[in-house]
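Quick note: residue numbers are just sequence positions, from 1.
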Amino acid sequence: MVCQMKKWNFSAGPSVLPMEVKQRIQVDLEENMSLGTSLMELPHRGGQFQSVLEQAVHDLRALLNLPNDWHILWLQGGARAQNTFIPLNFIGLKSHHCADYIVSGHWSETSFSEAKRLGFDVSAYPALGVHSSHLSTNPDLLACDVRDHVSYVHLCWNETVNGMEYASQPRLSDTSIPLVVDVSSNFLSRPIDFSTPACFYASAQKNAGIAGLTIVLVHESLLGEPLASCPEMFNYSEIARVGKPLNTLPTFPLYVSSLVFQWVLSQGGLSVMEDRAKQKSNRLYQFIDTSDMYVTHVSPTSRSRMNVVFFLKDPALTQTFLEKAAQVGLLYLRGHSAVGGIRVSMYNAMPMEAVDDLIAFMQHFEEGYLCQA
Ligand code: PMP
């Protein structure tokens, strides 16, 4: 049996944090205790927390190389709440009040369904004939025939559930249509080009911190008048105009994110994260592609670097695989219930060593069954 000593958290989110960040949290908590107020007790408009917030803004801007005409909004409710607030904020950008949604998997279908449920004039591309869980190739955006009068086009850059990611930054053939992009599970794993007006949004609990904080990046040209039904607390234009959060931020998650930003900077920034992500995922995909026991259905051009989804060719072995993996410290590998199989989430904080340990286990598991056959 593989003798696995370390434990690795392959969860899709909330997920692994850098060790340096966890250690720093411990030290900071101790220090603050001696000052009489721990970090969790600081008033959100007080000087100490304000400097954490200012540093977070400074570091995130530096990491992303974010132009001055882009705003960072710190929100709550996760990416799913933005599925409601995105149409309320952006559908009125053009008089036709309509939007198109590229459906490339579970989360983009969820976004589309919410906009539809709210009664907006939205279309899905490709048409929702096939359940998104069974897609294996991303829709080709340049061939995508979106309506030219839409206020925006929504898509999800990395489909966490399906293990599918657009290999390069998604672009439409008509670049004047704003893209609204869910980057929840690949945020901070690669540079983003901010040269065309758009909006990117992410829950923090994968690559950018812990659950509780949602980050929205938006170009100022998208900040018009939201629909009257948009709650004030989620009026993106108003939050950007005021220039600070309207209510009490989740202060502790924001502080953790600020440490994550510093960690990414200290590692060399987003290009370094991108290289590492490629190396880790390539190594795992190469192993899967050459094995007789495992298979991925995602076509090579659509494979996610963050979430590798694969199956045991004999599905009856999946449960044993998961149990044995957990016994040797390879944790949270079960695929999402919409898809099944195995999902390996390898966010920025996951070292190559973890991927090597996983591959060693998979190899050993395969050999054990081949011997029996
Ligand atoms: N979009 C993507 C790409 C996700 O991975 C997730 C969460 N796994 C969500 C949206 C929903 O995020 P939340 O639960 O924070 O609302």
Side-chain angles (χ1 to χ4, degrees), residues 15-25 27-28 39 42 44 47-75 79 157-158 168-170 179-210 212-223 236 239-245 249-278 305-306 347-351:
S15 42
V16 59
L17 283 172
M19 185 52 77
E20 293 89 332
V21 167
K22 289 188 273 198
Q23 287 165 343
R24 174 79 189 277
I25 293 169
V27 172
D28 282 1
L39 274 162
L42 289 176
H44 69 116
Q48 199 178 341
F49 181 72
Q50 282 305 310
S51 46
V52 174
L53 180 57
E54 277 161 27
Q55 190 67 46
V57 171
H58 175 272
D59 290 343
L60 184 57
R61 282 196 168 275
L63 258 183
L64 296 167
N65 204 7
L66 195 68
N68 288 338
D69 50 2
W70 281 73
H71 297 265
I72 301 174
L73 314 181
W74 307 104
L75 299 176
W157 192 339
N158 183 68
S168 51
Q169 183 160 344
L179 271 181
V180 179
V181 188
D182 180 351
V183 286
S184 291
S185 49
N186 65 350
F187 190 48
L188 303 187
S189 74
R190 58 196 309 157
I192 300 179
D193 175 6
F194 292 100
S195 60
T196 43
C199 171
F200 298 88
Y201 66 101
S203 296
Q205 68 268 17
K206 294 150 197 301
N207 261 336
I210 58 173
L213 186 67
T214 315
I215 301 167
V216 174
L217 310 172
V218 57
H219 186 256
E220 65 184 12
S221 64
L222 272 68
L223 295 172
Y236 294 173
I239 303 168
R241 191 191 64 74
V242 173
K244 55 186 181 200
L249 265 187
T251 51
F252 194 75
L254 186 287
Y255 149 76
V256 177
S257 286
S258 81
L259 297 185
V260 172
F261 303 155
Q262 284 167 27
W263 179 80
V264 179
L265 282 167
S266 75
Q267 299 295 299
L270 299 184
S271 300
V272 172
M273 297 299 116
E274 184 177 32
D275 287 346
R276 289 183 190 169
K278 270 191 207 150
R305 302 155 313 132
M306 297 284 106
Y347 298 116
N348 288 345
M350 182 64 75

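- If you look at F200 and F187, their ring centroids are not closer than 6.0 Å.
- Judged by distance alone, with hydrogens and angles left aside, the side-chain atoms of S185 form a donor-acceptor pair with the main-chain N or O of N158 at under 3.5 Å.
- Contact check for I210 versus F252: side-chain heavy atoms found under the 4.5 Å cut-off.
- Taking 4.5 Å as the limit, some side-chain heavy atom of L188 sits within range of a side-chain heavy atom of L64.
- Side chains of D28 and Y255: a donor-acceptor N/O pair is present below 3.5 angstrom, by distance only.
- For A56 against F261, the heavy-atom pair with the smallest separation is O-CD1, 3.7 Å.
- The CG atom of L60 sits 6.0 Å away from atom CD1 of I215, with the distance rounded to the nearest 0.5 Å.
- When all heavy atoms of A79 and S203 are compared, the pair lying nearest together is N-OG, 2.9 Å.
- Put simply, CD on E54 and NE2 on H58 are 11.0 Å apart, with the number rounded to the nearest 0.5 Å.
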Could you walk me through whether L265 and W263 pass the side chain to side chain contact (heavy atoms under 4.5 Å, CB included) test, one step at a time? CA-CA 5 Å; L265 282 167; W263 179 80; over 6 Å; no
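- Put simply, the side chain of K206 does not reach to within 4.5 Å of the side chain of M306, judged on heavy atoms.
- Minimum interatomic distance between C199 and L222 (heavy atoms only, all atoms of both residues): CB-CD2, 4.0 Å.
- When every heavy atom of W157 is checked against every heavy atom of P191, the shortest pair comes out as CH2-O, 4.5 Å.
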Worked check of side chain to side chain contact (heavy atoms under 4.5 Å, CB included) between H71 and L223: CA-CA 10 Å; H71 297 265; L223 295 172; 3.6 Å; yes
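- Listed for the S258 side chain is no donor-acceptor partner under 3.5 Å among the backbone atoms of Q55.
- Heavy atoms only, all atoms of each residue included: I72 and R61 are closest at CD1-CG, 3.8 Å.
- Around atom NZ of K22, more than 12 heavy atoms belonging to other residues, nucleotides or ligands sit under 6.0 Å away.
- By the 6.0 Å contact criterion, CG on D275 is enclosed, its count of non-hydrogen atoms from other residues, nucleotides or ligands being greater than 12.
- Panel note: side chain N207, backbone N348; a donor-acceptor pair is recorded below 3.5 Å.
- Side-chain contact between L73 and T214 is absent, with no heavy-atom pair separated by less than 4.5 Å.
- Contact annotation: the side chain of W74 approaches that of V57 to within less than 4.5 Å [non-hydrogen atoms, C-beta and beyond].
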Apply side chain to side chain contact (heavy atoms under 4.5 Å, CB included) to S189 and E274, showing your working. CA-CA 5 Å; S189 74; E274 184 177 32; over 6 Å; no
Go through the steps for Q50 and K244 under the test side chain to side chain contact (heavy atoms under 4.5 Å, CB included), then give the verdict. CA-CA 10 Å; Q50 282 305 310; K244 55 186 181 200; 5.8 Å; no
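- Between F49 and H44, the closest heavy-atom pair is CD2-O, 3.3 Å.
- The closest donor-acceptor contact from the side chain of S257 to the backbone of A208 lies under 3.5 Å.
- N68 CG: 12 or fewer foreign heavy atoms inside a 6.0 Å radius.
- Between L75 and L249, the closest side-chain pair of non-hydrogen atoms is not below 4.5 Å.
- By the 30° and 60° cut-offs, the orientation of the rings of W70 relative to H219 is perpendicular.
- Inter-residue side-chain proximity for V181 and Y201 is flagged as unmet; no heavy-atom pair is nearer than 4.5 Å.
- Under the 4.5 Å side-chain criterion, counting only non-hydrogen atoms from C-beta, L53 is in contact with L254.
- Side-chain contact annotation: Q169 with R190, donor-acceptor N/O pair under 3.5 Å absent.
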